[in-house]
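Below, all heavy atoms of this structure are taken into account, side chains as well, without hydrogens, waters or symmetry copies. Values in this document were obtained by computation on a predicted structure and should not be read as measured data.
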Amino acid sequence: MSDRLRIIGVEETVVVPAVHEAYRRAGSPQTPARGFGDGPIARNLHDVGERRLAHMDDQGIDVAVLSLSSPGVQDLPQADAIAVAREANDQLAQIVASRPDRFQAFAAIPTQSPAAAAAELERAVNKLGFPGAMLYGRTGDKPADHPHNDELYATAERLGVPLHFHPQMPVQPVIDAYYSDIGQIGPWLAGAGIGWYYDLGIQYLRMIFSGVFDRFPDLQVIAGHWGEIVLFYLDHTGFFAEAGGLQRPLADYFRQNFWVAGSGTNSHRYLRWTAEVVGTDRMLYSTDYPFTYGFRPGGFPYVDTSNGAARSFLTQAPFTDQQKADIAHRNWERLTTRAIPHPAR
């Protein structure tokens, strides 16, 4: 391309002080992904200054849409989640204000309380100027399609803002049934290896078949990780659309209510498949920083966005210049201009 692409990454992760302290109080697992320890992942999650900006420059990313590391505030006690989400969003807003040319942010949402969840989304959009929110699938034993979430979905639809979903660990019985007794690889397979994506992909199908998008036809959902498995089975799962009482073909929901990003998995096979299924006008870009930054075990090439790999992956894609620009930033700008923030009265 003759002109340099402006690339906006929509799944770029942080741990802010309010959430980190809440995890500590709650006795949450002290893992690097939650910001504990002194390894590179934990350090990078906490950094929102020059180190992160330097890494963005190294990746070739111009703007990072920040969001909390999974599962956000969704596994905290309800009373804590409401207060922590508000404080976390205020801290995210301060980070954005420090470098509005480089940062945007997704709101943290206390989904434990329907009323508080809707109210915090409204505040984050109208007062803080956030372009949407990040959710993490289940809240306790309630999957994403539970009617408990309808007030939140109605608010997102009314405000015209997208909800980005990120996976979290499957429930314990699933972990016990499928990922136990196979040694130290078990927890990795249950999580970022593959279990995350099945867990959230099934919830997407539940949202569709339970009528969430029929009740809220303008609700827009962002799916990472190339669609969380389900895109690759639409040609088969779609056979059951009529049996499931769908009002339109299954694929239509993904082409009208979903936007898809790759979360730092730099596979051109996945890229081409996603473009064929939903079209380049429904694709976004993300690097899943810092979980894909500077890691290449055994030379494995597909999950490392450092040394310019995030940018070159897109610039070398088999698309037109306009399609690349759509994925890089235009689709995000088109999606988020649906929301017109109004200062709180």
Side-chain angles (χ1 to χ4, degrees), residues 1-16 33 40-70 92-93 95-106 129-132 134 162 164 166 192 222-226 259-268 270-271 274-275 280 282-296 301-317 319 321-336:
M1 297 184 64
S2 57
D3 297 326
R4 184 181 183 279
L5 270 181
R6 180 171 183 261
I7 299 181
I8 300 174
V10 303
E11 186 187 327
E12 319 305 317
T13 311
V14 297
V15 171
V16 296
I41 285 179
R43 292 198 306 270
N44 291 340
L45 281 169
H46 286 286
D47 192 289
V48 291
E50 293 307 312
R51 179 186 178 91
R52 181 176 289 258
L53 292 171
H55 287 175
M56 288 169 58
D57 291 341
D58 179 65
Q59 292 174 301
I61 299 300
D62 298 290
V63 178
V65 185
L66 305 175
S67 57
L68 298 183
S69 185
S70 180
L92 286 168
I95 296 168
V96 172
S98 73
R99 287 301 302 264
D101 59 323
R102 303 300 302 272
F103 295 137
Q104 299 177 31
F106 280 119
F130 285 13
M134 179 69 80
H164 194 324
H166 188 285
I222 299 171
H225 307 103
W226 300 115
W259 305 70
V260 180
S263 306
T265 304
N266 293 336
S267 165
H268 280 121
Y270 294 173
L271 182 77
T274 304
T280 56
R282 303 289 297 190
M283 293 170 65
L284 303 170
Y285 200 73
S286 60
T287 78
D288 203 11
Y289 178 90
F291 303 107
T292 63
Y293 188 80
F295 302 104
R296 193 173 284 218
Y302 297 112
V303 193
D304 183 6
T305 61
S306 63
N307 295 316
R311 173 169 291 274
S312 62
F313 172 67
L314 185 54
T315 58
Q316 295 171 12
F319 301 138
D321 286 358
Q322 178 163 338
Q323 289 172 320
K324 293 175 186 178
D326 286 344
I327 297 168
H329 67 95
R330 289 177 185 166
N331 290 341
W332 171 251
E333 291 161 352
R334 177 165 57 92
L335 173 61
T336 56

Q: Classify the angle between the aromatic ring planes of F106 and W332 as parallel (below 30°), tilted (30 to 60°) or perpendicular (above 60°).
A: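 Answer is perpendicular, since the angle exceeds 60°.
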Q: Ignoring hydrogens and angles, tell me if any N or O in the side chain of N44 forms a donor-acceptor pair with the backbone of R51 under 3.5 Å.
A: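 Here the side-chain-to-backbone pair does not exist.
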Q: Taking salt bridge (charged side-chain N to carboxylate O under 4.0 Å, His left out) as the test, write out the residues that go with R330, two or more places apart.
A: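 Checked R330 against salt bridge (charged side-chain N to carboxylate O under 4.0 Å, His left out); matches are D326.
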Q: Is the backbone of H164 close enough, under 3.5 Å, to the side chain of W259 for a donor and an acceptor to pair up by distance?
A: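 Pair absent, no side-chain N/O of W259 close to backbone of H164.
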Q: Considering all heavy atoms of both residues, which atom of H225 and which atom of D288 are nearest to each other, and what is their separation?
A: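 What the structure gives for the nearest pair is NE2-OD2, 4.0 Å.
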Q: What verdict does the side chain to side chain contact (heavy atoms under 4.5 Å, CB included) test give for V63 and Q104, after you've listed the backbone C-alpha separation in whole Å, the side-chain angles of each residue and the deciding distance to 0.1 Å?
A: CA-CA 7 Å; V63 178; Q104 299 177 31; 3.8 Å; yes
Q: Distance from S267 atom OG to W226 atom CH2, nearest 0.5 Å?
A: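 Output value for this atom pair is 7.5 Å.
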Q: What's the separation between atom OG in S306 and atom NE2 in H55, rounded to the nearest 0.5 Å?
A: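 Output value for this atom pair is 9.0 Å.
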Q: Is there a side-chain contact between T305 and N266 (heavy atoms, below 4.5 Å)?
A: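 A side-chain contact exists here, since the closest heavy-atom pair is under 4.5 Å.
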Q: Where do I61 and Y285 land on the side chain to side chain contact (heavy atoms under 4.5 Å, CB included) test, with the steps shown first?
A: CA-CA 10 Å; I61 299 300; Y285 200 73; 4.1 Å; yes
Q: Taking side chain as C-beta onward, heavy atoms only, is M134 less than 4.5 Å from L68?
A: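 Result no, sub-4.5 Å side-chain heavy-atom pair not found.
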Q: Identify the heavy atoms of L45 and P290 that sit nearest to each other, and give their distance.
A: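 Between these two residues, the closest heavy atoms are CD2-CD, 3.6 Å.
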Q: Can you measure from CE (M283) to CD1 (I222) and round to the nearest 0.5 angstrom?
A: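 It is 13.5 Å, given to the nearest 0.5 Å.
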Q: Under the 3.5 angstrom rule, does the side chain of N307 hit a backbone N or O of A309 as a donor-acceptor pair?
A: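 A pair under 3.5 Å: no.
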Q: Which is it for K324 and I327 under the side chain to side chain contact (heavy atoms under 4.5 Å, CB included) test, yes or no, and what are the steps along the way?
A: CA-CA 5 Å; K324 293 175 186 178; I327 297 168; 6.0 Å; no
Q: Does R6 pair with E333 as a salt bridge, N-O distance under 4.0 Å?
A: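 A salt bridge links R6 with E333.
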Q: Which heavy atom of L5 sits nearest to which heavy atom of A325, and what is that distance?
A: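 In terms of heavy atoms, the two residues are closest at CD2-CA, 3.6 Å.
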Q: Are the side chain of D62 and the backbone N or O of I8 linked by a donor-acceptor pair below 3.5 Å?
A: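 Here the side-chain-to-backbone pair does not exist.
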Q: For T287 and Y289, indicate whether the former's side chain and the latter's backbone hold a donor-acceptor pair under 3.5 Å.
A: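 The answer is yes, because a donor-acceptor pair under 3.5 Å joins these two groups.
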Q: In the structure I gave you, are the side-chain heavy atoms of H329 and I7 within less than 4.5 Å of one another anywhere?
A: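 No, side chains not in contact.
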Q: Any side-chain donor-acceptor pair under 3.5 Å between Y293 and D58?
A: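 Short answer, yes.
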Q: Over all heavy atoms of both residues, which pair between F291 and S69 is shortest? Give the atoms and the distance, please.
A: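 Heavy atoms only, the tightest pair is CZ-OG, 3.8 Å.
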Q: From the options N331, V65, L335, select the one residue that forms a side-chain contact (heavy atoms from CB on, under 4.5 Å) with V10.
A: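 When N331, V65, L335 are each tested with V10, the side-chain contact (heavy atoms from CB on, under 4.5 Å) holds only for V65.
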Q: Say whether, by atom type as modelled, one donor and one acceptor occur between the side chain of S286 and the main chain of S263 under 3.5 angstrom.
A: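 A pair under 3.5 Å: yes.
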Q: Any idea which heavy atoms bring H166 and S70 closest together, and the distance?
A: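 Residues H166 and S70, closest heavy atoms: ND1-CB, 3.5 Å.
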Q: Between L53 and R102, does the side chain to side chain contact (heavy atoms under 4.5 Å, CB included) criterion hold? Intermediate values first, please.
A: CA-CA 8 Å; L53 292 171; R102 303 300 302 272; 3.8 Å; yes
Q: Does atom OH (Y270) have a neighbourhood of more than 12 heavy atoms from anything else shown, all under 6.0 Å?
A: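 Not buried by this count: 12 neighbours or fewer within 6.0 Å.
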Q: Could you check if a side-chain atom of L92 sits within less than 4.5 angstrom of a side-chain atom of V16, using non-hydrogen atoms only?
A: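 L92 reaches V16 side chain to side chain.
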Q: Strictly below 4.0 Å, N to O, side chains only: are D47 and R52 in salt-bridge contact?
A: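 No.
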Q: Counting distance only, does the side-chain N/O of D304 pair as donor-acceptor with the main-chain N or O of G294 below 3.5 Å?
A: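 Pair found, side chain donor or acceptor close to backbone of G294.
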Q: Can you give me the closest heavy-atom contact between F103 and M56, atom names plus distance?
A: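 Of all heavy-atom pairs spanning F103 and M56, the closest is CE2-SD, 3.7 Å.
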